[in-house]
Amino acid sequence: MLASLHTDHILIIGRCPDDNKYDSVWFDTKRAIHSALNYLTELGHRDIGYIGSYKSVDIDMEERRYQIFLRYMSKFTEFNSSRMYVDENSLKSGYKLMERAINDGLLPSAFFIANDPLAIGALDFLKEKNIPIPETFSIVSFDGHQMTRYTIPALTTVQILTEYMGRVAVQTLIEKIEEVRSLTKKVLVPTELKIRESSR
């Protein structure tokens, strides 16, 4: 697609295929996930489960949320990798994966859920089965979808600051158009941990 565009004024919001050729704006996935896991471990959680989705093979291993979580948690002896559940990315999958986790028993004290749709699906199952959160276990999610503030309980989530990302992207593109610089630029914007009622 990029090859078919007849302009040098290209900026990618997302993972960039060539940092030497294109400007890009994105966030540091590793740092974002670590902020969630640091929060949980500081609360005393060491046995943390994972619910996530399959990632495209085009995403580098170090960028995959599953791998980042696994590397972080492997330093804790209490961590049990059998409590990692992965399927398609949807509300329905979140429901099914949480059902599987509950049926497996021996629950962790917290779950990190790799995106908000999965987390909302998981909460649907827990609500249906009258399993209280965070009394049973804490949940922290990822993405910062606007619906997370309205779930029951409201989800603690790592918010991707998309509006700020858009402003930075426009500023960066204007620099390129006005030839303020000749080199490409890669901007990593911060994320923000929104602490709500699903964790303690």
Side-chain angles (χ1 to χ4, degrees), residues 12-15 25-43 45 48-56 59 63-69 72 83-103 107-170 188-200:
I12 296 170
I13 298 181
R15 297 175 185 86
V25 177
W26 199 224
F27 62 92
D28 188 328
T29 307
K30 179 180 176 181
R31 181 168 293 185
I33 291 173
H34 281 198
S35 72
L37 297 176
N38 286 341
Y39 163 70
L40 285 172
T41 56
E42 285 166 9
L43 290 174
H45 299 288
I48 301 173
Y50 176 90
I51 289 177
S53 61
Y54 297 118
K55 292 294 181 182
S56 167
I59 299 176
E63 282 284 306
R64 297 181 189 182
R65 296 178 187 185
Y66 177 98
Q67 292 292 334
I68 294 169
F69 172 86
Y72 181 100
R83 298 190 186 115
M84 298 181 70
Y85 303 89
V86 181
D87 203 336
E88 300 299 325
N89 183 20
S90 67
L91 293 170
K92 184 177 179 181
S93 288
Y95 182 102
K96 290 189 329 187
L97 290 172
M98 183 54 75
E99 181 179 24
R100 191 190 309 168
I102 295 296
N103 289 339
L107 290 167
S109 65
F111 273 97
F112 173 73
I113 302 183
N115 64 60
D116 291 335
L118 287 171
I120 293 169
L123 284 180
D124 285 345
F125 172 81
L126 294 167
K127 182 179 180 183
E128 184 180 298
K129 300 302 179 183
N130 295 312
I131 298 172
I133 300 299
E135 292 82 1
T136 307
F137 48 77
S138 291
I139 292 177
V140 175
S141 185
F142 193 105
D143 282 341
H145 192 283
Q146 61 181 355
M147 287 301 297
T148 56
R149 72 183 72 179
Y150 304 115
T151 57
I152 300 174
L155 270 168
T156 296
T157 185
V158 178
Q159 183 168 8
I160 300 170
L161 305 175
T162 52
E163 187 175 316
Y164 178 63
M165 195 179 293
R167 290 200 302 269
V168 171
V170 170
L188 292 176
V189 301
T191 55
E192 185 175 320
L193 181 65
K194 295 286 188 180
I195 299 172
R196 300 195 181 104
E197 289 78 29
S198 70
S199 59
R200 65 178 187 186

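The structure presented is a predicted model; accordingly, all values stated were derived computationally and were not measured. Quick note: residue numbers are just sequence positions, from 1.
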Completion exercise
Rounded to the nearest 0.5 Å, the CD atom of Gln146 sits from the CD atom of Gln159 at a distance of 10.0 Å

Handout entry: Nearest heavy-atom neighbours spanning Asp116 and Gly144
Key = OD2-N, 2.7 Å

Practice task
Ignoring hydrogens and angles, tell me if any N or O in the side chain of Thr136 forms a donor-acceptor pair with the backbone of Ile133 under 3.5 Å.
Solution key: no

Exercise for the section: Show your working on side chain to side chain contact (heavy atoms under 4.5 Å, CB included) between Ile68 and His34 and close with a plain yes or no. Expected result: CA-CA 8 Å; Ile68 294 169; His34 281 198; 3.9 Å; yes

Completion exercise
In terms of heavy-atom contacts, Ala36 and Val158 come closest through CB-CG2, 3.6 Å

Practice task
For Arg65 and Thr29, run side chain to side chain contact (heavy atoms under 4.5 Å, CB included): C-alpha distance rounded to whole Å, both residues' side-chain angles, the deciding distance at 0.1 Å, then the answer.
Solution key: CA-CA 7 Å; Arg65 296 178 187 185; Thr29 307; 4.1 Å; yes

Practice task
Check the angle between the aromatic planes of Phe142 and Phe27 and answer parallel, tilted or perpendicular using the 30° and 60° thresholds.
Solution key: tilted

Problem - Polar side-chain atom of Tyr50 near backbone of Tyr66 as donor-acceptor pair, under 3.5 Å - result: yes

Problem - Validation row: Trp26, Met165 side chains within 4.5 angstrom (heavy atoms) - result: yes

Exercise for the section: Look at the aromatic rings of Phe112 and Phe69 and report parallel, tilted or perpendicular, splitting at 30° and 60°. Expected result: parallel

Exercise for the section: Measure across Ala122 and Ile113 and return the closest heavy-atom pair with its distance rounded to 0.1 Å. Expected result: CB-CD1, 4.0 Å

Problem - Donor-acceptor under 3.5 Å (His45 side chain, Arg200 main chain) - result: yes

Handout entry: Over all atoms of both residues, closest heavy-atom pair of Pro190 and Tyr164
Key = CD-CE2, 4.0 Å

Exercise for the section: Please test Arg196 against Thr148 for side chain to side chain contact (heavy atoms under 4.5 Å, CB included), starting from the C-alpha separation and ending with a verdict. Expected result: CA-CA 9 Å; Arg196 300 195 181 104; Thr148 56; 3.1 Å; yes

Problem - Crowding at CD, Glu135 (>12 non-hydrogen neighbours, <6.0 Å) - result: yes

Practice task
Please work out whether the ring planes of Phe111 and Phe137 are parallel, tilted or perpendicular, with thresholds of 30° and 60°.
Solution key: perpendicular

Practice task
Give a yes-or-no answer on whether the side chains of Ser199 and Tyr39 include a donor-acceptor pair shorter than 3.5 Å.
Solution key: yes

Problem - Non-hydrogen side-chain atoms of Tyr72 and Asn38 separated by less than 4.5 Å - result: yes

Practice task
Could you check Tyr95 against Leu91 for side chain to side chain contact (heavy atoms under 4.5 Å, CB included), going step by step and ending with a plain yes or no?
Solution key: CA-CA 6 Å; Tyr95 182 102; Leu91 293 170; over 6 Å; no

Handout entry: Main-chain N/O of Thr156 paired with Ser198 side-chain donor or acceptor, under 3.5 Å
Key = yes

Handout entry: More than 12 heavy atoms of other groups within 6.0 Å of Ile152 CD1
Key = no

Problem - Residue Glu128 excluded, over 12 heavy atoms near CD under 6.0 Å - result: yes

Completion exercise
In terms of heavy-atom contacts, Leu123 and Pro153 come closest through CD1-O, 3.8 Å

Problem - Exam field: side chain Ser53 to backbone Asn89, donor-acceptor pair closer than 3.5 Å - result: no

Practice task
Measure the spacing between CD of Glu88 and NZ of Lys96 and express it to the nearest 0.5 Å.
Solution key: 8.0 Å

Practice task
Check for a donor-acceptor pair, side chain of Thr151 on one end and backbone N or O of Ile120 on the other, with a separation under 3.5 Å.
Solution key: no

Handout entry: Sidechain-backbone polar pair: Ser138 side chain, Pro134 backbone, donor-acceptor under 3.5 Å
Key = no

Practice task
Would you mind reporting whether Leu118 and Ser141 have side-chain heavy atoms less than 4.5 Å apart?
Solution key: no

Completion exercise
So OG1 of Thr162 and CD1 of Ile13: to nearest 0.5 Å the spacing works out to 9.5 Å

Handout entry: Non-hydrogen side-chain atoms of His145 and Asn115 separated by less than 4.5 Å
Key = no

Practice task
May I ask you to check whether over 12 heavy atoms, not counting those of Arg100, lie within 6.0 Å of atom CZ?
Solution key: yes

Practice task
Compare all side-chain heavy atoms of Ile139 with those of Leu126 and state whether any distance is below 4.5 angstrom.
Solution key: yes

Handout entry: By side-chain hydrogen bond (donor to acceptor under 3.5 Å, both in side chains) - contacts of Asp124 (at least two apart)
Key = none

